[in-house]
**Student:** 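This structure is in structure tokens; I'll ask about it shortly.
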Amino acid sequence: MKSVDDEPKPEHAAILRVIVSIPRGRVASYGEIAKRAGLPKRARLVGRVLGEVPAGMDVPWYRVLRSDGRIAFPAGSRAFRTQVRHLAGEGVLVRNGRVDLLMHGWERNMDDLLWGPSAPVVRRRSRKSP
DNA sequence: AACCTGACGTTGG
DNA sequence: CCCAACGCCAGGT
């Protein structure tokens, strides 16, 4: 049977390391994370690893989206709503289950590439409706 | 080992 | 924008 403390996989560790390093208010795709973890073509593994992260562990799983910016869970599902709530909580706008990666994507923002991360494009922390 | 499944990705119509 | 078809990889049956 399975021992209580398994999963010493270096790949899992690499993936988690990348995920926890996603800046607050930013998002990244499964494939992007896999690549950054030195595991190209292994987007599915990223999803698998996230699915095994024990609740309570401090891992920003909600910052991980599909390559097109859509939330991976079925629209309306519990996990889906939770993810939307977390993202909205840190200023990431989710519209129809989708996030604009050019706007909030980690290293995918044109303004970042052209002007640096400090470009005043993303007005963060707009509490309630102005 | 064959077959199915899925928190994925890309391409083409 | 929707959909189908592949490609890809790890686990489960």
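First the proteins, then the strands, lettered A, B, ... as listed; each starts at 1. What you see is a predicted model; the values in this text were computed from it and never measured.
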**Student:** What is the distance from NE2 of A:H12 to P of B:dA7, rounded to the nearest Å?
**Tutor:**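 My rounded result for the distance is 16 Å.
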
**Student:** For B:dA7 and C:dC6, measure between their P atoms and round to the nearest Å.
**Tutor:** 22 Å

**Student:** Sub-3.5 Å donor-acceptor pair from the side chain of A:R36 to the main-chain atoms of A:V18, do we have one?
**Tutor:**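 No, because the side chain of A:R36 does not come within donor-acceptor range (under 3.5 Å) of the backbone of A:V18.
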
**Student:** Does A:G51 reach a base, just sugar-phosphate, or nothing at all? Heavy atoms under 4.0 Å.
**Tutor:**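 Since a base atom lies under 4.0 Å of A:G51, the category is base.
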
**Student:** For the pair made of CZ in A:R36 and P in B:dG9, what is the distance, rounded to whole Å?
**Tutor:** 15 Å

**Student:** How many angstroms lie between atom CZ of A:R66 and atom CZ of A:R98, to the nearest 0.5 angstrom?
**Tutor:**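 The distance works out to 12.5 Å.
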
**Student:** Which residue in the set A:V59, A:I33, A:V27 passes side-chain contact (heavy atoms from CB on, under 4.5 Å) when paired with A:V64?
**Tutor:**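 Answer to the side-chain contact (heavy atoms from CB on, under 4.5 Å) test with A:V64 among A:V59, A:I33, A:V27: A:I33.
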
**Student:** When you measure only distances, ignoring hydrogens and angles, does the side chain of A:R44 come within 3.5 Å of the base of C:dC9 through a donor and an acceptor?
**Tutor:** no

**Student:** What's the closest nucleotide to the A:A43 side chain, out of B:dC8, B:dA7, C:dA10?
**Tutor:**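 Closest nucleotide among those given: B:dC8.
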
**Student:** From NZ of A:K35 over to C1' of B:dC8, roughly how many Å is that when rounded to an integer?
**Tutor:** 14 Å

**Student:** What is the distance from CD of A:E32 to P of B:dT10, rounded to the nearest Å?
**Tutor:**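 Going from A:E32 (CD) to B:dT10 (P), I get 10 Å.
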
**Student:** Without decimals, in angstroms, what is the distance between A:R48 CZ and C:dC8 C1'?
**Tutor:** 12 Å

**Student:** Could you tell me the separation between the CZ atom of A:F80 and the P atom of B:dA7, rounded to a whole number of Å?
**Tutor:**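 Atom CZ in A:F80 sits about 15 Å away from atom P in B:dA7.
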
**Student:** Using atom CG of A:L45 as one end and atom P of B:dG6 as the other, report the distance to the nearest whole Å.
**Tutor:** 17 Å

**Student:** Let me know the distance between CD of A:E52 and P of B:dG6, rounded to the nearest Å.
**Tutor:**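 Checked: the CD to P distance equals 16 Å.
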
**Student:** So among A:I19, A:T82, A:V53, which one has a side-chain contact (heavy atoms from CB on, under 4.5 Å) with A:W61?
**Tutor:**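 The single option meeting the side-chain contact (heavy atoms from CB on, under 4.5 Å) with A:W61 is A:T82.
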
**Student:** Do you know which two heavy atoms are closest between A:R26 and A:H104, and how far apart they sit?
**Tutor:** CD-O, 3.1 Å

**Student:** Check whether any side-chain nitrogen or oxygen of A:R66 sits under 4.0 Å from OP1 or OP2 of B:dA7, and answer yes or no.
**Tutor:** no

**Student:** Does A:S29 put a side-chain nitrogen or oxygen below 4.0 Å from OP1 or OP2 of B:dC8?
**Tutor:**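 For B:dC8, neither OP1 nor OP2 has a side-chain N or O of A:S29 closer than 4.0 Å.
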
